[in-house]
Amino acid sequence: MLPRTTTKTRRLPHPLTFLLLSLTLGGANSSLAQEAAPSPSQQRWALEETFDGDPPGPSQALLPKNFDYVVTHRSHPQEQFTKAYPPFLADHDVRCAGPDPNGRPTPQHEVRTVQSSNGKNIDKSFFVCKNHMMTALGEVDPYSLSSFWPRQEFDFSSGGTLEFDVNINLGHDNRSWWEVLITPRDQLKAAAGPVDAAIDEKYPVDRIVFDFERLIRRIKVGNRALAPDGWITNERQFLQYDWAYWNALHPDDPALEDRRVRRTMRIRLQKNRITWGIEMANGSFDEWSVDVPGGLPFTRGVVQFKTHAYTPLSTAGNTDTYTFHWDNIRFDGPVRGRYDAFEASDVVYLQRNGDREIGETETVTVELPRLGGNPVLFGQLHQPKRGQVLVSVNGGPDQQVHPYDYDFDSCYSNDWKSFRLELEPSQLRQGRNTLRWKIGPRPNCDFGPYIWDGFSVKFLQVQMDAGSDDGGGGQVLRPRRRRIP
(Lines give C-alpha, C1' and ligand atoms only; values in the text may rest on other atoms or scores of the structure.)
Protein backbone atom coordinates (compact mmCIF):
# COMPACT_ATOMS: atom_id res chain seq x y z
CA MET A 1 0.00 0.00 0.00
CA LEU A 2 1.29 3.45 -0.86
CA PRO A 3 1.90 5.75 2.10
CA ARG A 4 -0.59 8.49 2.82
CA THR A 5 0.25 11.91 1.51
CA THR A 6 1.71 14.19 4.15
CA THR A 7 0.19 17.68 4.06
CA LYS A 8 2.46 20.40 5.33
CA THR A 9 1.16 22.90 7.85
CA ARG A 10 0.02 26.04 6.05
CA ARG A 11 2.17 29.08 6.73
CA LEU A 12 0.03 31.74 8.43
CA PRO A 13 0.84 35.25 7.20
CA HIS A 14 1.52 38.06 9.60
CA PRO A 15 -1.79 39.72 10.74
CA LEU A 16 -0.59 43.04 9.31
CA THR A 17 -0.22 41.30 5.97
CA PHE A 18 -3.97 40.69 5.85
CA LEU A 19 -4.58 44.38 6.61
CA LEU A 20 -2.15 45.54 3.96
CA LEU A 21 -3.52 43.02 1.46
CA SER A 22 -7.04 44.35 1.95
CA LEU A 23 -5.86 47.91 1.39
CA THR A 24 -3.79 46.92 -1.62
CA LEU A 25 -6.57 45.05 -3.39
CA GLY A 26 -8.82 48.04 -2.95
CA GLY A 27 -6.41 50.55 -4.48
CA ALA A 28 -6.78 51.91 -8.00
CA ASN A 29 -3.05 51.45 -8.72
CA SER A 30 -2.80 47.97 -7.23
CA SER A 31 0.06 45.73 -8.36
CA LEU A 32 -2.40 42.86 -7.75
CA ALA A 33 -4.83 44.10 -10.37
CA GLN A 34 -7.40 41.69 -11.78
CA GLU A 35 -7.50 41.18 -15.54
CA ALA A 36 -9.86 39.10 -17.64
CA ALA A 37 -8.45 36.48 -20.02
CA PRO A 38 -8.31 37.50 -23.70
CA SER A 39 -10.93 36.23 -26.09
CA PRO A 40 -9.76 33.06 -27.92
CA SER A 41 -10.45 34.77 -31.23
CA GLN A 42 -8.07 37.61 -30.33
CA GLN A 43 -4.97 35.63 -29.34
CA ARG A 44 -2.67 33.77 -31.72
CA TRP A 45 0.34 31.71 -30.74
CA ALA A 46 3.68 31.05 -32.38
CA LEU A 47 3.89 27.83 -30.33
CA GLU A 48 1.21 25.96 -28.42
CA GLU A 49 1.47 22.57 -26.71
CA THR A 50 -1.59 21.10 -24.98
CA PHE A 51 -0.18 17.59 -24.22
CA ASP A 52 -3.29 15.92 -25.61
CA GLY A 53 -3.75 12.28 -24.69
CA ASP A 54 -5.61 10.26 -22.05
CA PRO A 55 -3.55 7.05 -21.81
CA PRO A 56 -4.45 4.05 -19.62
CA GLY A 57 -1.22 4.60 -17.67
CA PRO A 58 1.65 7.12 -17.41
CA SER A 59 2.86 7.59 -20.98
CA GLN A 60 6.12 8.81 -22.44
CA ALA A 61 5.01 8.04 -25.99
CA LEU A 62 2.69 11.05 -25.76
CA LEU A 63 5.46 13.49 -24.79
CA PRO A 64 5.85 16.02 -27.63
CA LYS A 65 8.71 15.18 -29.97
CA ASN A 66 9.64 18.84 -30.54
CA PHE A 67 10.75 19.24 -26.90
CA ASP A 68 13.98 18.34 -25.12
CA TYR A 69 14.04 16.60 -21.71
CA VAL A 70 17.04 16.26 -19.40
CA VAL A 71 17.66 15.37 -15.74
CA THR A 72 20.97 16.21 -14.07
CA HIS A 73 22.04 14.78 -10.71
CA ARG A 74 25.00 16.02 -8.71
CA SER A 75 27.03 12.84 -8.38
CA HIS A 76 30.50 11.41 -7.83
CA PRO A 77 32.54 10.32 -10.90
CA GLN A 78 32.87 6.82 -9.46
CA GLU A 79 29.11 6.28 -9.79
CA GLN A 80 28.33 8.73 -12.56
CA PHE A 81 26.09 6.40 -14.56
CA THR A 82 25.77 3.44 -12.19
CA LYS A 83 24.16 4.92 -9.11
CA ALA A 84 20.71 3.45 -8.48
CA TYR A 85 18.57 6.32 -7.22
CA PRO A 86 15.78 5.05 -4.95
CA PRO A 87 12.24 5.13 -6.33
CA PHE A 88 9.91 7.92 -5.26
CA LEU A 89 6.18 8.52 -5.51
CA ALA A 90 4.74 10.69 -8.25
CA ASP A 91 1.23 11.66 -9.31
CA HIS A 92 -0.75 9.77 -10.89
CA ASP A 93 -1.14 6.02 -10.23
CA VAL A 94 -0.39 3.24 -12.74
CA ARG A 95 -3.83 3.81 -14.33
CA CYS A 96 -3.41 7.60 -14.39
CA ALA A 97 -5.95 8.00 -11.57
CA GLY A 98 -5.74 10.84 -9.05
CA PRO A 99 -4.23 12.73 -7.42
CA ASP A 100 -7.45 13.24 -5.44
CA PRO A 101 -6.29 14.64 -2.06
CA ASN A 102 -9.27 12.96 -0.39
CA GLY A 103 -8.25 9.53 -1.62
CA ARG A 104 -6.54 7.19 0.82
CA PRO A 105 -3.93 6.49 -0.24
CA THR A 106 -3.48 9.30 -2.73
CA PRO A 107 -3.26 7.68 -6.19
CA GLN A 108 0.42 7.65 -7.16
CA HIS A 109 3.03 5.37 -8.73
CA GLU A 110 6.76 4.79 -8.23
CA VAL A 111 9.28 6.50 -10.47
CA ARG A 112 13.02 5.95 -10.85
CA THR A 113 15.38 8.50 -12.33
CA VAL A 114 18.78 7.98 -13.97
CA GLN A 115 21.75 10.13 -14.98
CA SER A 116 22.01 8.87 -18.55
CA SER A 117 18.62 9.86 -19.95
CA ASN A 118 18.32 12.03 -23.05
CA GLY A 119 15.75 13.15 -25.60
CA LYS A 120 15.53 9.65 -27.12
CA ASN A 121 15.53 7.71 -23.82
CA ILE A 122 13.56 10.17 -21.70
CA ASP A 123 13.82 10.01 -17.91
CA LYS A 124 10.80 8.34 -16.29
CA SER A 125 10.20 11.50 -14.25
CA PHE A 126 8.59 13.02 -17.38
CA PHE A 127 5.25 11.54 -18.46
CA VAL A 128 1.72 12.33 -19.63
CA CYS A 129 -1.59 11.51 -17.97
CA LYS A 130 -5.06 12.98 -18.51
CA ASN A 131 -4.10 15.49 -21.20
CA HIS A 132 -1.24 17.14 -19.33
CA MET A 133 2.42 16.51 -18.49
CA MET A 134 4.18 15.74 -15.22
CA THR A 135 7.68 16.36 -13.90
CA ALA A 136 8.68 14.82 -10.56
CA LEU A 137 11.86 14.62 -8.49
CA GLY A 138 11.63 12.95 -5.10
CA GLU A 139 14.19 10.90 -3.18
CA VAL A 140 17.38 12.07 -4.89
CA ASP A 141 20.52 13.55 -3.38
CA PRO A 142 22.13 15.94 -2.87
CA TYR A 143 20.79 18.07 -5.72
CA SER A 144 18.91 17.29 -8.90
CA LEU A 145 17.45 19.45 -11.62
CA SER A 146 15.16 18.53 -14.50
CA SER A 147 14.54 20.74 -17.53
CA PHE A 148 12.34 20.57 -20.58
CA TRP A 149 11.88 23.06 -23.37
CA PRO A 150 10.45 23.41 -26.88
CA ARG A 151 12.99 23.47 -29.70
CA GLN A 152 11.72 26.83 -30.84
CA GLU A 153 12.72 30.33 -29.82
CA PHE A 154 10.34 32.87 -28.29
CA ASP A 155 10.62 36.17 -30.20
CA PHE A 156 9.44 39.09 -28.04
CA SER A 157 11.16 41.88 -29.98
CA SER A 158 7.79 43.66 -30.28
CA GLY A 159 6.65 42.54 -26.85
CA GLY A 160 5.45 39.06 -26.10
CA THR A 161 3.25 36.84 -23.96
CA LEU A 162 4.24 33.49 -22.46
CA GLU A 163 1.55 31.32 -20.83
CA PHE A 164 1.51 27.94 -19.12
CA ASP A 165 -0.60 26.10 -16.55
CA VAL A 166 0.90 24.54 -13.42
CA ASN A 167 -0.20 23.44 -9.95
CA ILE A 168 0.61 25.72 -7.01
CA ASN A 169 -0.13 23.46 -4.05
CA LEU A 170 1.38 23.67 -0.60
CA GLY A 171 3.96 20.99 0.15
CA HIS A 172 6.70 22.46 -2.01
CA ASP A 173 9.24 24.60 -0.20
CA ASN A 174 12.84 25.72 -0.60
CA ARG A 175 13.81 22.11 -1.39
CA SER A 176 11.38 21.64 -4.27
CA TRP A 177 10.30 24.37 -6.67
CA TRP A 178 9.99 25.31 -10.31
CA GLU A 179 11.36 28.16 -12.35
CA VAL A 180 11.30 29.30 -15.97
CA LEU A 181 14.51 30.47 -17.66
CA ILE A 182 14.65 32.36 -20.96
CA THR A 183 18.06 32.67 -22.60
CA PRO A 184 19.46 33.17 -26.12
CA ARG A 185 19.85 29.84 -27.86
CA ASP A 186 23.61 30.29 -28.28
CA GLN A 187 23.86 30.43 -24.45
CA LEU A 188 21.56 27.45 -23.77
CA LYS A 189 22.53 25.48 -20.65
CA ALA A 190 20.93 22.20 -19.62
CA ALA A 191 21.22 22.45 -15.83
CA ALA A 192 21.76 26.06 -14.80
CA GLY A 193 20.62 27.19 -11.38
CA PRO A 194 20.93 29.97 -8.81
CA VAL A 195 24.34 30.60 -7.26
CA ASP A 196 23.08 29.74 -3.78
CA ALA A 197 21.98 26.27 -4.94
CA ALA A 198 24.10 23.13 -4.59
CA ILE A 199 24.66 22.86 -8.32
CA ASP A 200 27.64 24.39 -10.08
CA GLU A 201 26.30 25.45 -13.48
CA LYS A 202 25.42 29.14 -13.30
CA TYR A 203 22.73 30.95 -15.21
CA PRO A 204 23.84 32.15 -18.67
CA VAL A 205 25.25 35.66 -19.06
CA ASP A 206 22.00 36.83 -20.65
CA ARG A 207 18.99 35.50 -18.75
CA ILE A 208 15.43 36.20 -17.69
CA VAL A 209 14.33 34.07 -14.71
CA PHE A 210 10.88 33.50 -13.22
CA ASP A 211 11.24 31.76 -9.85
CA PHE A 212 8.31 30.41 -7.79
CA GLU A 213 10.19 29.00 -4.80
CA ARG A 214 7.98 28.78 -1.67
CA LEU A 215 5.02 30.09 -3.74
CA ILE A 216 6.61 33.54 -4.06
CA ARG A 217 7.06 35.27 -7.41
CA ARG A 218 10.55 36.45 -8.20
CA ILE A 219 11.66 38.08 -11.48
CA LYS A 220 15.36 38.35 -12.34
CA VAL A 221 17.01 39.81 -15.44
CA GLY A 222 20.77 39.76 -16.00
CA ASN A 223 23.37 40.41 -18.65
CA ARG A 224 27.07 41.14 -19.26
CA ALA A 225 28.27 38.88 -16.40
CA LEU A 226 27.54 35.57 -14.72
CA ALA A 227 25.51 35.62 -11.52
CA PRO A 228 25.84 36.81 -8.84
CA ASP A 229 27.03 39.70 -11.03
CA GLY A 230 25.15 41.22 -13.91
CA TRP A 231 21.68 41.51 -12.40
CA ILE A 232 19.77 44.56 -13.64
CA THR A 233 16.50 43.40 -12.08
CA ASN A 234 16.26 41.01 -9.14
CA GLU A 235 12.99 41.46 -7.27
CA ARG A 236 10.86 39.20 -5.12
CA GLN A 237 7.23 40.13 -4.57
CA PHE A 238 6.98 41.73 -1.17
CA LEU A 239 4.26 43.07 1.10
CA GLN A 240 5.06 45.54 3.83
CA TYR A 241 5.90 43.05 6.55
CA ASP A 242 6.43 39.75 4.76
CA TRP A 243 7.07 38.04 1.44
CA ALA A 244 3.97 37.83 -0.76
CA TYR A 245 3.35 34.10 -0.46
CA TRP A 246 0.48 32.99 -2.68
CA ASN A 247 -1.17 31.37 0.35
CA ALA A 248 -0.98 34.76 2.11
CA LEU A 249 -2.43 36.62 -0.86
CA HIS A 250 -5.16 34.04 -1.50
CA PRO A 251 -5.52 31.82 1.59
CA ASP A 252 -8.79 30.26 0.38
CA ASP A 253 -7.56 29.26 -3.07
CA PRO A 254 -8.51 25.56 -3.53
CA ALA A 255 -5.36 25.09 -5.62
CA LEU A 256 -3.33 25.27 -2.39
CA GLU A 257 -4.68 21.91 -1.22
CA ASP A 258 -5.66 20.16 -4.46
CA ARG A 259 -2.77 19.69 -6.88
CA ARG A 260 -5.18 18.61 -9.61
CA VAL A 261 -6.01 22.31 -9.91
CA ARG A 262 -3.65 24.11 -12.27
CA ARG A 263 -3.43 27.87 -12.53
CA THR A 264 -2.49 29.75 -15.69
CA MET A 265 0.70 31.80 -15.47
CA ARG A 266 0.65 34.74 -17.90
CA ILE A 267 3.95 36.57 -18.38
CA ARG A 268 4.08 39.68 -20.53
CA LEU A 269 7.44 40.98 -21.70
CA GLN A 270 7.81 44.61 -22.73
CA LYS A 271 10.96 46.59 -23.46
CA ASN A 272 11.30 48.07 -19.97
CA ARG A 273 8.77 46.10 -17.96
CA ILE A 274 7.76 42.52 -17.12
CA THR A 275 4.34 41.57 -15.75
CA TRP A 276 3.61 38.18 -14.18
CA GLY A 277 -0.05 37.34 -13.69
CA ILE A 278 -1.41 34.27 -11.91
CA GLU A 279 -4.95 33.10 -12.55
CA MET A 280 -7.19 33.26 -9.49
CA ALA A 281 -10.10 30.97 -8.62
CA ASN A 282 -12.57 33.39 -10.28
CA GLY A 283 -10.68 33.29 -13.60
CA SER A 284 -9.20 36.78 -13.40
CA PHE A 285 -5.49 37.43 -12.90
CA ASP A 286 -3.46 38.68 -9.94
CA GLU A 287 -0.69 40.70 -11.61
CA TRP A 288 2.69 41.85 -10.38
CA SER A 289 5.08 43.98 -12.44
CA VAL A 290 8.73 44.99 -12.25
CA ASP A 291 10.71 47.55 -14.24
CA VAL A 292 13.81 46.60 -16.24
CA PRO A 293 16.20 49.59 -16.18
CA GLY A 294 17.81 50.05 -19.57
CA GLY A 295 15.49 47.52 -21.18
CA LEU A 296 15.62 43.76 -21.77
CA PRO A 297 19.15 42.64 -22.75
CA PHE A 298 17.86 40.38 -25.55
CA THR A 299 14.57 39.83 -27.38
CA ARG A 300 14.66 36.21 -28.54
CA GLY A 301 15.42 33.04 -26.62
CA VAL A 302 14.68 29.45 -25.62
CA VAL A 303 12.14 28.96 -22.81
CA GLN A 304 13.13 26.27 -20.28
CA PHE A 305 10.84 24.86 -17.60
CA LYS A 306 12.87 23.59 -14.64
CA THR A 307 12.22 21.53 -11.50
CA HIS A 308 14.71 21.78 -8.62
CA ALA A 309 15.14 19.17 -5.89
CA TYR A 310 17.60 19.89 -3.08
CA THR A 311 18.13 17.11 -0.50
CA PRO A 312 14.36 16.49 -0.45
CA LEU A 313 14.57 13.83 2.26
CA SER A 314 15.34 16.69 4.66
CA THR A 315 11.66 17.65 4.42
CA ALA A 316 10.58 14.88 6.79
CA GLY A 317 9.03 12.63 4.21
CA ASN A 318 6.70 14.78 2.10
CA THR A 319 8.49 14.03 -1.18
CA ASP A 320 5.27 12.40 -2.42
CA THR A 321 3.96 15.95 -2.97
CA TYR A 322 6.81 16.84 -5.33
CA THR A 323 5.06 16.43 -8.69
CA PHE A 324 4.44 19.40 -10.95
CA HIS A 325 1.59 19.23 -13.46
CA TRP A 326 2.08 21.25 -16.67
CA ASP A 327 -0.30 22.15 -19.46
CA ASN A 328 -1.08 24.64 -22.24
CA ILE A 329 2.46 25.92 -22.84
CA ARG A 330 2.39 28.68 -25.44
CA PHE A 331 3.94 31.93 -26.56
CA ASP A 332 3.21 34.45 -29.27
CA GLY A 333 5.42 36.45 -31.63
CA PRO A 334 6.50 35.45 -35.12
CA VAL A 335 7.41 31.79 -35.61
CA ARG A 336 11.21 31.75 -35.49
CA GLY A 337 14.17 29.66 -34.42
CA ARG A 338 12.86 26.12 -34.74
CA TYR A 339 15.51 23.38 -34.65
CA ASP A 340 15.83 19.60 -34.50
CA ALA A 341 18.06 17.58 -32.18
CA PHE A 342 19.49 14.10 -32.82
CA GLU A 343 20.82 12.13 -29.87
CA ALA A 344 24.09 10.25 -29.45
CA SER A 345 23.95 6.48 -29.10
CA ASP A 346 25.36 6.50 -25.55
CA VAL A 347 27.06 8.55 -22.86
CA VAL A 348 30.83 9.02 -22.76
CA TYR A 349 32.41 7.79 -19.53
CA LEU A 350 36.12 8.62 -19.43
CA GLN A 351 36.18 8.90 -15.62
CA ARG A 352 36.53 6.71 -12.57
CA ASN A 353 37.53 7.11 -8.94
CA GLY A 354 41.08 8.10 -9.81
CA ASP A 355 43.07 8.94 -12.93
CA ARG A 356 42.28 7.86 -16.46
CA GLU A 357 45.23 7.78 -18.82
CA ILE A 358 45.84 10.75 -21.08
CA GLY A 359 45.09 9.67 -24.63
CA GLU A 360 42.30 7.22 -23.75
CA THR A 361 39.35 7.37 -26.15
CA GLU A 362 35.69 6.42 -26.35
CA THR A 363 33.42 6.52 -29.40
CA VAL A 364 29.69 7.16 -29.81
CA THR A 365 27.55 7.63 -32.91
CA VAL A 366 24.75 10.00 -33.97
CA GLU A 367 22.26 9.06 -36.69
CA LEU A 368 21.25 12.02 -38.87
CA PRO A 369 18.19 11.32 -41.05
CA ARG A 370 18.90 14.54 -42.93
CA LEU A 371 21.37 17.41 -43.02
CA GLY A 372 20.34 20.92 -42.04
CA GLY A 373 21.77 24.37 -41.60
CA ASN A 374 23.88 25.70 -38.74
CA PRO A 375 24.81 22.34 -37.13
CA VAL A 376 25.85 22.47 -33.49
CA LEU A 377 27.17 19.82 -31.11
CA PHE A 378 25.50 20.36 -27.73
CA GLY A 379 25.77 18.47 -24.46
CA GLN A 380 26.99 18.36 -20.87
CA LEU A 381 30.55 17.80 -19.63
CA HIS A 382 31.53 16.61 -16.17
CA GLN A 383 34.73 17.98 -14.63
CA PRO A 384 36.17 19.43 -17.85
CA LYS A 385 39.66 20.92 -17.90
CA ARG A 386 40.80 23.46 -20.44
CA GLY A 387 42.12 21.74 -23.56
CA GLN A 388 41.66 18.22 -22.19
CA VAL A 389 38.27 17.48 -23.80
CA LEU A 390 38.86 16.53 -27.45
CA VAL A 391 36.43 15.27 -30.08
CA SER A 392 36.96 14.05 -33.63
CA VAL A 393 33.93 14.07 -35.96
CA ASN A 394 33.92 11.35 -38.63
CA GLY A 395 37.69 10.89 -38.48
CA GLY A 396 38.49 14.57 -38.74
CA PRO A 397 41.03 16.43 -36.61
CA ASP A 398 40.62 16.69 -32.85
CA GLN A 399 38.70 19.76 -31.75
CA GLN A 400 38.80 21.17 -28.24
CA VAL A 401 35.44 21.28 -26.46
CA HIS A 402 34.92 23.89 -23.76
CA PRO A 403 32.00 24.53 -21.44
CA TYR A 404 30.57 28.02 -21.52
CA ASP A 405 32.60 28.83 -18.42
CA TYR A 406 35.10 27.25 -16.01
CA ASP A 407 35.00 27.50 -12.23
CA PHE A 408 38.61 27.81 -11.12
CA ASP A 409 41.02 30.29 -12.69
CA SER A 410 39.46 29.59 -16.10
CA CYS A 411 41.12 26.17 -16.01
CA TYR A 412 38.78 23.43 -14.77
CA SER A 413 35.30 22.89 -13.40
CA ASN A 414 33.34 20.80 -10.97
CA ASP A 415 30.00 19.15 -11.63
CA TRP A 416 28.12 19.22 -14.95
CA LYS A 417 28.62 22.07 -17.41
CA SER A 418 26.94 22.61 -20.78
CA PHE A 419 28.83 23.19 -24.00
CA ARG A 420 28.07 24.27 -27.56
CA LEU A 421 30.44 23.52 -30.44
CA GLU A 422 29.59 24.94 -33.85
CA LEU A 423 30.30 22.47 -36.66
CA GLU A 424 30.97 22.91 -40.35
CA PRO A 425 28.24 21.25 -42.45
CA SER A 426 30.98 19.39 -44.33
CA GLN A 427 31.94 17.57 -41.11
CA LEU A 428 28.64 15.68 -41.05
CA ARG A 429 27.01 13.14 -43.32
CA GLN A 430 23.51 11.81 -43.69
CA GLY A 431 23.21 8.55 -41.77
CA ARG A 432 25.70 7.42 -39.12
CA ASN A 433 28.24 9.92 -37.75
CA THR A 434 31.11 8.87 -35.48
CA LEU A 435 32.28 11.03 -32.57
CA ARG A 436 35.58 9.92 -31.00
CA TRP A 437 36.30 11.53 -27.63
CA LYS A 438 39.86 11.65 -26.25
CA ILE A 439 41.52 12.79 -23.01
CA GLY A 440 43.99 15.49 -23.99
CA PRO A 441 47.07 16.69 -22.09
CA ARG A 442 46.60 18.21 -18.67
CA PRO A 443 46.71 22.03 -18.93
CA ASN A 444 49.63 23.94 -17.40
CA CYS A 445 47.29 25.88 -15.15
CA ASP A 446 46.20 22.66 -13.48
CA PHE A 447 48.38 21.05 -10.83
CA GLY A 448 48.26 18.51 -8.03
CA PRO A 449 47.62 14.75 -8.09
CA TYR A 450 44.12 15.25 -6.63
CA ILE A 451 42.89 16.66 -9.94
CA TRP A 452 41.88 13.67 -11.98
CA ASP A 453 42.36 13.36 -15.71
CA GLY A 454 39.26 12.46 -17.66
CA PHE A 455 35.70 13.63 -18.16
CA SER A 456 32.17 12.43 -18.93
CA VAL A 457 29.69 13.58 -21.56
CA LYS A 458 25.92 13.18 -21.42
CA PHE A 459 22.83 14.59 -23.14
CA LEU A 460 24.94 14.71 -26.29
CA GLN A 461 23.12 15.78 -29.46
CA VAL A 462 23.56 17.38 -32.85
CA GLN A 463 21.23 20.35 -33.35
CA MET A 464 20.29 21.67 -36.80
CA ASP A 465 17.84 24.25 -38.10
CA ALA A 466 14.46 22.66 -38.70
CA GLY A 467 13.76 24.51 -41.93
CA SER A 468 12.25 27.83 -42.93
CA ASP A 469 10.06 29.57 -40.36
CA ASP A 470 6.71 30.82 -41.58
CA GLY A 471 7.10 34.21 -39.89
CA GLY A 472 3.39 34.23 -39.20
CA GLY A 473 1.36 34.50 -36.07
CA GLY A 474 1.03 30.83 -35.31
CA GLN A 475 -2.16 28.92 -34.60
CA VAL A 476 -5.46 30.21 -33.35
CA LEU A 477 -5.87 29.59 -29.63
CA ARG A 478 -7.85 26.46 -28.85
CA PRO A 479 -10.51 26.57 -26.14
CA ARG A 480 -8.88 26.08 -22.76
CA ARG A 481 -9.55 22.73 -21.12
CA ARG A 482 -10.64 22.34 -17.55
CA ARG A 483 -7.63 22.02 -15.28
CA ILE A 484 -9.07 19.34 -13.00
CA PRO A 485 -8.63 15.93 -14.63
Side-chain angles (χ1 to χ4, degrees), residues 68 70 72-74 142-147 149 153-154 156 174 177-213 218-236 269 274 290-308 310 376-389 400-422 443 445-446 451 455-459:
D68 264 322
V70 59
T72 302
H73 304 289
R74 187 182 179 100
Y143 198 102
S144 297
L145 191 155
S146 71
S147 302
W149 62 89
E153 294 173 84
F154 176 23
F156 45 94
N174 62 341
W177 75 95
W178 60 260
E179 69 176 4
V180 174
L181 169 65
I182 305 177
T183 191
R185 184 181 157 200
D186 61 2
Q187 298 181 42
L188 179 65
K189 294 183 176 183
V195 294
D196 57 351
I199 196 163
D200 288 326
E201 183 157 64
K202 299 178 181 178
Y203 291 130
V205 170
D206 295 317
R207 68 271 186 188
I208 303 172
V209 184
F210 303 93
D211 184 309
F212 202 55
E213 184 179 354
R218 185 170 184 172
I219 298 175
K220 301 181 284 187
V221 180
N223 76 329
R224 297 182 183 274
L226 292 172
D229 301 318
W231 293 118
I232 55 179
T233 293
N234 189 345
E235 296 189 32
R236 183 177 291 173
L269 301 171
I274 298 176
V290 301
D291 294 327
V292 184
L296 296 173
F298 60 98
T299 58
R300 180 172 163 180
V302 176
V303 182
Q304 292 180 289
F305 300 84
K306 306 163 82 69
T307 296
H308 294 264
Y310 167 50
V376 170
L377 190 63
F378 179 82
Q380 294 174 279
L381 293 168
H382 191 271
Q383 204 169 296
K385 286 173 279 296
R386 182 172 293 279
Q388 197 166 47
V389 182
Q400 290 187 5
V401 178
H402 299 283
Y404 288 105
D405 47 88
Y406 291 92
D407 289 333
F408 303 102
D409 299 323
S410 298
C411 186
Y412 65 96
S413 292
N414 288 330
D415 208 8
W416 289 101
K417 298 291 191 303
S418 301
F419 72 89
R420 172 187 173 91
L421 177 66
E422 295 184 3
C445 58
D446 194 6
I451 302 299
F455 56 87
S456 290
V457 187
K458 76 181 192 73
F459 196 66

Problem - CD on E201 to CG on L145, rounded to 0.5 Å - result: 9.0 Å
Problem - CZ on R207 to NZ on K220, rounded to 0.5 Å - result: 9.0 Å
Practice task
Return the minimal non-hydrogen interatomic distance between I208 and F156, and the atom names on each side.
Solution key: CD1-CZ, 4.1 Å
Handout entry: Distance-minimising heavy-atom pair for D291 and E235
Key = O-OE2, 4.5 Å
Handout entry: With S413 via side chain to side chain contact (heavy atoms under 4.5 Å, CB included) - residues at least two apart
Key = P384, Y406, D407, K417
Exercise for the section: With rounding to the nearest 0.5 Å, note down the distance linking OG1 in T307 to CH2 in W178. Expected result: 10.0 Å
Practice task
Mind listing the closest non-hydrogen atom pair of G387 and H402 along with its distance?
Solution key: N-CE1, 3.6 Å
Practice task
Quick one: closest heavy-atom pair of F419 and V401, and the distance?
Solution key: CD1-CG1, 3.4 Å
Practice task
Could you pull out the closest heavy-atom pair between P297 and G222, with the gap in Å?
Solution key: CG-O, 3.8 Å
Handout entry: Residue pairs involving residues 178-189 (criterion salt bridge (Lys or Arg N to Asp or Glu O under 4.0 Å); sequence neighbours excluded)
Key = R185-D465, K189-D405
Fill in the blank from the handout: The reported gap from SG in C411 to CD in Q388 (rounded to nearest 0.5 angstrom) is 9.0 Å
Problem - Rounded distance (nearest 0.5 Å) linking atom NE2 of H73 with atom OG of S144 - result: 4.5 Å
Practice task
Could you verify whether a donor N or O on one side chain and an acceptor N or O on the other, from T183 and Q304, lie under 3.5 Å apart?
Solution key: no
Handout entry: Spacing of CG belonging to L296 relative to CD1 belonging to I182, to within rounding of 0.5 Å
Key = 9.0 Å
I'd like a table of donor-acceptor pairs (distance under 3.5 Å, sequence neighbours excluded) in which one partner is a side-chain atom from residues 224-232, with atom names and distances.
none

Handout entry: Minimum heavy-atom distance H308-Y143, with the two atoms named
Key = ND1-OH, 2.7 Å
Exercise for the section: Taking the side chain as every heavy atom from C-beta outward, state whether W416 and H382 have any pair of such atoms under 4.5 Å apart. Expected result: yes
Practice task
Indicate yes or no for a side-chain donor-acceptor contact from S418 to the backbone of A190 under 3.5 Å, with no hydrogens or angles considered.
Solution key: yes
